[in-house]
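No experiment lies behind these values; they were computed from the predicted model shown. Naming: A, B, ... by sequence-line order, numbering from 1 per chain.
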2 protein chains.
Amino acid sequence: MRYSNATNYALHTVVHLMLQPDGSSVGVQELAEMQQLSPTYLSKVLTKLRKAGLIESTPGAKGGYKISRTKHEISFLDVIHAIEGDTSLFDCTIHHEGCMIENTMRQAEENMKAELASKLLVDIAKEAESKQKEES
Amino acid sequence: MRYSNATNYALHTVVHLMLQPDGSSVGVQELAEMQQLSPTYLSKVLTKLRKAGLIESTPGAKGGYKISRTKHEISFLDVIHAIEGDTSLFDCTIHHEGCMIENTMRQAEENMKAELASKLLVDIAKEAESKQKEES
DNA sequence: GTATTATAGATATTAAGAGTCTTTAATATC
DNA sequence: GATATTAAAGACTCTTAATATCTATAATAC
Ligand code: SF4
Ligand code: SF4
């Protein structure tokens, strides 16, 4: 019962891309090295992010990935959703009407998701940026 | 990324045991039939609940399971914890100090858990009870 | 003692996640 | 246009965790 590694990779990648100068692309090679994982695997993760509209990609020489135009609206939940899909933590296949067990579990999960939807990754990026400046 | 079936079984079983007359035991056979699953498998789930102190068991003839004396304090989170363990949804193995990604994820999860800790299963049982009366 | 019932251990099956390898398509540069 | 570069997609393997079954053991009531 935990989020997949892929979600972790995705979060880091998105933050990293947010820190790049406007318009510049980064190749999967570099992104993979940064997180010490295989490029082909990360590539699959990045494709999910692209399909969700969170990042953009250009193939070919000088190509790579860059953050989407919606940069300032991307939340933690957006990334999680892109990678994990929209499955529910608690998924009873029976669905008796008005079931309080399901209701309670769903409600708690909804609250968590609402909180994750309110947290923007661009804020994390800003924080990382100012931390770098402190150190230098 | 979802709770295991075992958690679902556990929740139902606990509620069911709460609905029994005080002091009476129910065998795993009956509990398994109710949920249409194998007794031996449910047995393992129930053992986890017992080890967590949520239910009590007596072997031998006329034995079985009954709800613990702490009946009125058992929360959703207690059951989840007993079955799933205390793993975290987001578990970064690196742990950079002051990491905001981890902090944000953890905080959201903590809030969900807090909510699940505040929901008592005995309230679900009461609701089920009054619903039964309506129907009869 | 006998029947009943929980417990534990070993083992098998299934499903999902994680990861690799190879091929194809798109783009830039020359 | 040829070549190098890079993303995308598909097939495939490996690993792990959940799910489930079977068998043997221990405790209890009668
Ligand atoms: S009572 Fe609720 S959780 Fe249980 S089987 Fe029915 S719908 Fe599912
Ligand atoms: S930045 Fe945070 S989430 Fe990322 S590796 Fe470091 S501790 Fe883990």
task: For A:K66, enumerate each residue passing the salt bridge (charged side-chain N to carboxylate O under 4.0 Å, His left out) test, keeping only those at least two apart in sequence or located in another chain.
output: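 Listed in chain order: nothing, the list is empty.
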
Using distance alone, with no hydrogens and no angle criterion, decide if [X] and [Y] have a side-chain donor and acceptor under 3.5 Å apart.
X      : Y      : answer
B:N111 : B:Q107 : yes
A:Q35  : A:T13  : yes
A:R2   : B:S88  : no

Positive for salt bridge (charged side-chain N to carboxylate O under 4.0 Å, His left out) with A:E56, one of A:K51, A:R69, A:K71, A:R50: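 Answer to the salt bridge (charged side-chain N to carboxylate O under 4.0 Å, His left out) test with A:E56 among A:K51, A:R69, A:K71, A:R50: A:R69.
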
Nearest whole angstrom, please: distance from the [atom2] of [N] to the [atom1] of [X].
X     : N      : atom1 : atom2 : result
A:R2  : D:dA18 : CZ    : P     : 11 Å
B:Y65 : C:dT4  : OH    : P     : 17 Å
B:I83 : D:dA20 : CD1   : P     : 14 Å
A:D91 : C:dA15 : CG    : C1'   : 15 Å
A:L37 : D:dT15 : CG    : P     : 18 Å

| said: Classify A:S38 by what it touches in the nucleic acid, base, sugar-phosphate, or nothing, heavy-atom distance under 4.0 Å. | reply: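 Since only primed, P, OP1 and OP2 atoms lie under 4.0 Å of A:S38, the category is sugar-phosphate.
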
For [Y], is there any backbone N or O sitting under 3.5 Å from a side-chain donor or acceptor partner on [X]?
X      : Y      : answer
A:S75  : A:K119 : no
B:T104 : B:M100 : yes
B:S38  : B:Y41  : yes

Looking at B:K113 and B:E109, is there a salt bridge between them, counting it only when a charged N and a carboxylate O are closer than 4.0 Å? yes

Answer yes or no: is there a side-chain heavy-atom contact under 4.5 Å between B:V26 and B:Q20?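 Side chain of B:V26 against side chain of B:Q20, heavy atoms only: contact under 4.5 Å found.
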
Are B:L49 and B:Y9 side-chain neighbours, meaning at least one heavy-atom pair lies under 4.5 Å?
->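 The answer is no; the side chains never approach within 4.5 Å.
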
Practice item. Begin from the C-alpha positions of B:I74 and B:I67 and carry the test side chain to side chain contact (heavy atoms under 4.5 Å, CB included) through to its verdict. Key: CA-CA 10 Å; B:I74 298 175; B:I67 195 74; 4.0 Å; yes

Sorted by chain and number, sequence neighbours left out, side-chain hydrogen bond (donor to acceptor under 3.5 Å, both in side chains) with A:H81 holds for none

Sorted by number, residues from residues 4-17 of chain A placing a heavy atom under 4.0 Å from DNA chain C are A:S4, A:N5, A:A6, A:Y9

Next item on the list: Kindly state which residues belonging to residues 41-59 of chain B come within less than 4.0 angstrom of DNA chain D, counting heavy atoms of the residue only, listed by number.
Entry: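 Going residue by residue through residues 41-59 of chain B, the ones with a heavy atom under 4.0 Å of DNA chain D turn out to be B:Y41, B:K44, B:P59.
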
Polar pairs (N or O, both sides) under 3.5 Å between protein and nucleotides 12-14 of chain C?
none

So the stems of DNA chain C, runs of at least three Watson-Crick or G-U pairs (under 3.5 Å), are C:1-30 with D:1-30

